[in-house]
Undergrad: 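Structure incoming, see below.
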Amino acid sequence: MKTNSFGDTGLSVSVLGLGAGQVGAGGLGETEAAAVLNTALDLGITLIDTADCYGLSEERIGRHLRARRDEFVLSSKCGHDVPGTQDWTPENVRASVERSLQRLQTDRIDILHLHSCTQDKLADGSLVDAMDELVSAGKVRFVAYSGENEHLVAAITSGRFASVETSVNIADQWSLHHALPLAQEHGLGVIAKRPIANAVWKYDTRPDGVYGEVYWDRLQQLSLDLGDDPLAFALRFSAFAPGVCAAIMGTAKVDNLRRAVATVEHGPLPEDQLADVERRWSQNGQGFDGQV
Ligand SMILES: NC(=O)c1ccc[n+]([C@@H]2O[C@H](COP(=O)([O-])OP(=O)(O)OC[C@H]3O[C@@H](n4cnc5c(N)ncnc54)[C@H](OP(=O)(O)O)[C@@H]3O)[C@@H](O)[C@H]2O)c1
C-alpha cells in the first residue's frame, strides 16, 4: 500500500489507516475484533487510531496486536473521562496515558492527541506541558491535537503539536480548505478522520440519531453524484486530498476493510470528478463547518 511521510516527525504511515473506534464496540465479538485488527496489518495498514474513550478498543488492540506492536504506528487520545480527575487537566492527561498504556500492553503511544478540547484549554499550556513530559519520559513519541475549526487552527499555529487529526470527507471540507495548508506549512502530520462521511449514503431517507446525520443533510444539499461505488468515491477523495497523510476509515467488518484497501490502490479520483466536487462545494458548501 502507498505510504506517506508524516509531517516532520520522521514517521511513515500507510495512506489508509484503521479507525479502531468500531473495534471497541461491546456488541462485537472478540474473534471478529481480532480478525479486523490482524487483517489490517496483514493488508499493509501501518496506522491504527484509537482513544481512551473508545470502549474496548485499546484493550483489544493490546490483547490482539501486542506481539505485532512494531508493525504499526499507534495513535490514541486523551483529555477527558478519567475517574478521579477533572477533564482537561494535566492530572487527567497523565492518568489517561497510564491507563491507555496498560490497556494497550505497550510501553509507548506513538501519537497522542488531545481529544477535541477548545482553544482556551490550549492557551493555558499546562495540558501540552504534561504531554511533553510524557514524551521526555519515553511514554509518548509525538504530541498531537484532534479537533476542528478555529480550535484546530489555534492548535496548528501554536507550534506545540507535531500533528493533527481532523474531519476530511466529501461532506466536510472546512479543514481541507482552511487548516490543511497551514498544517503543511508548519510541517505537521495530518490524519483524516471520518473519511467516508460515516457512509451516510446508505440511508435512503434522513437517518435519526446516527453519527453522521449532518452529513446526510449535506450530501442532499451538495447533490454529488457518487456513482455506482460511493465508497470508492468518498474514500479516494479523502485519502488523496492535498495535505492528508492517512485516512482512518472505521470498520468492524473484515470485508469492508478489504474493500477499502483495494479501493485506495486506485489512487485519487479522476480530475473531472474532483472538479465536480470542488464546484459543488464552492456553490453549496461554503457555510459548512468542521464536524467533530
Ligand atoms: N478524534 C475524534 O474526535 C474522532 C471522531 C470520529 C472518528 N474518529 C476516528 O476516525 C475513525 C473513522 O471515523 P468514523 O468511523 O466516524 O467514520 P468513517 O470512517 O467515515 O465511517 C465509518 C462507518 O462506515 C461504515 N462502512 C465502512 N465501510 C463500508 C462500506 N463498504 N459500506 C458501507 N458502510 C461502510 C462502517 O461500518 P461497518 O463497521 O459496518 O463497516 C462505519 O460505521 C474512527 O474509527 C476513529 O478512529 C475520531
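Ligands are counted one by one from 1 in listed order, and the atoms in each one are counted from 1 as well.
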Undergrad: Between R236 and F233, is NZ or CZ placed under 6.0 angstrom from the six-membered ring centre and within 45° of the ring axis?
TA: no
Undergrad: Partners of E32 by salt bridge (charged side-chain N to carboxylate O under 4.0 Å, His left out), sequence neighbours excluded?
TA: none
Undergrad: With sequence neighbours left out, which residue pairs that include part of residues 78-112 fulfil the ring-ring contact (aromatic ring centres under 6.0 Å, His included) condition?
TA: H80-W88, H80-H115
Undergrad: Decide salt bridge (Lys or Arg N to Asp or Glu O under 4.0 Å) for R160 and D129; before the verdict, give the C-alpha distance in whole Å, the side-chain angles of both, and the deciding distance to 0.1 Å.
TA: CA-CA 9 Å; R160 302 216 50 188; D129 290 344; 2.8 Å; yes
Undergrad: With sequence neighbours left out, write down each residue that passes salt bridge (charged side-chain N to carboxylate O under 4.0 Å, His left out) with R258, or none if nothing qualifies.
TA: none
Undergrad: Can you list every pair where an N/O of ligand 1 is under 3.5 Å from an N/O on the protein?
TA:
from     : atom 1 : to   : atom 2 : distance (Å)
ligand 1 : 1 (N)  : S146 : OG     : 2.8
ligand 1 : 1 (N)  : E165 : OE2    : 3.2
ligand 1 : 3 (O)  : H115 : NE2    : 3.2
ligand 1 : 8 (N)  : Y54  : OH     : 3.4
ligand 1 : 13 (O) : R194 : N      : 3.4
ligand 1 : 15 (O) : Q22  : NE2    : 2.7
ligand 1 : 16 (O) : N198 : ND2    : 2.9
ligand 1 : 17 (O) : N198 : ND2    : 3.1
ligand 1 : 19 (O) : G250 : N      : 2.9
ligand 1 : 20 (O) : R194 : O      : 3.4
ligand 1 : 20 (O) : P195 : N      : 3.4
ligand 1 : 20 (O) : I196 : N      : 2.9
ligand 1 : 20 (O) : A197 : N      : 3.3
ligand 1 : 20 (O) : N198 : N      : 3.0
ligand 1 : 31 (N) : N256 : OD1    : 3.3
ligand 1 : 31 (N) : R259 : NH1    : 3.4
ligand 1 : 39 (O) : A252 : N      : 2.9
ligand 1 : 40 (O) : K253 : NZ     : 2.7
ligand 1 : 41 (O) : T251 : OG1    : 2.5
ligand 1 : 41 (O) : N256 : ND2    : 2.8
ligand 1 : 45 (O) : G19  : O      : 3.3
ligand 1 : 45 (O) : G21  : N      : 3.2
ligand 1 : 45 (O) : Q22  : OE1    : 3.1
ligand 1 : 47 (O) : D49  : OD2    : 2.7

Undergrad: Measure the CZ-CG distance between R279 and D272 for me, rounded to the nearest 0.5 Å.
TA: 11.0 Å
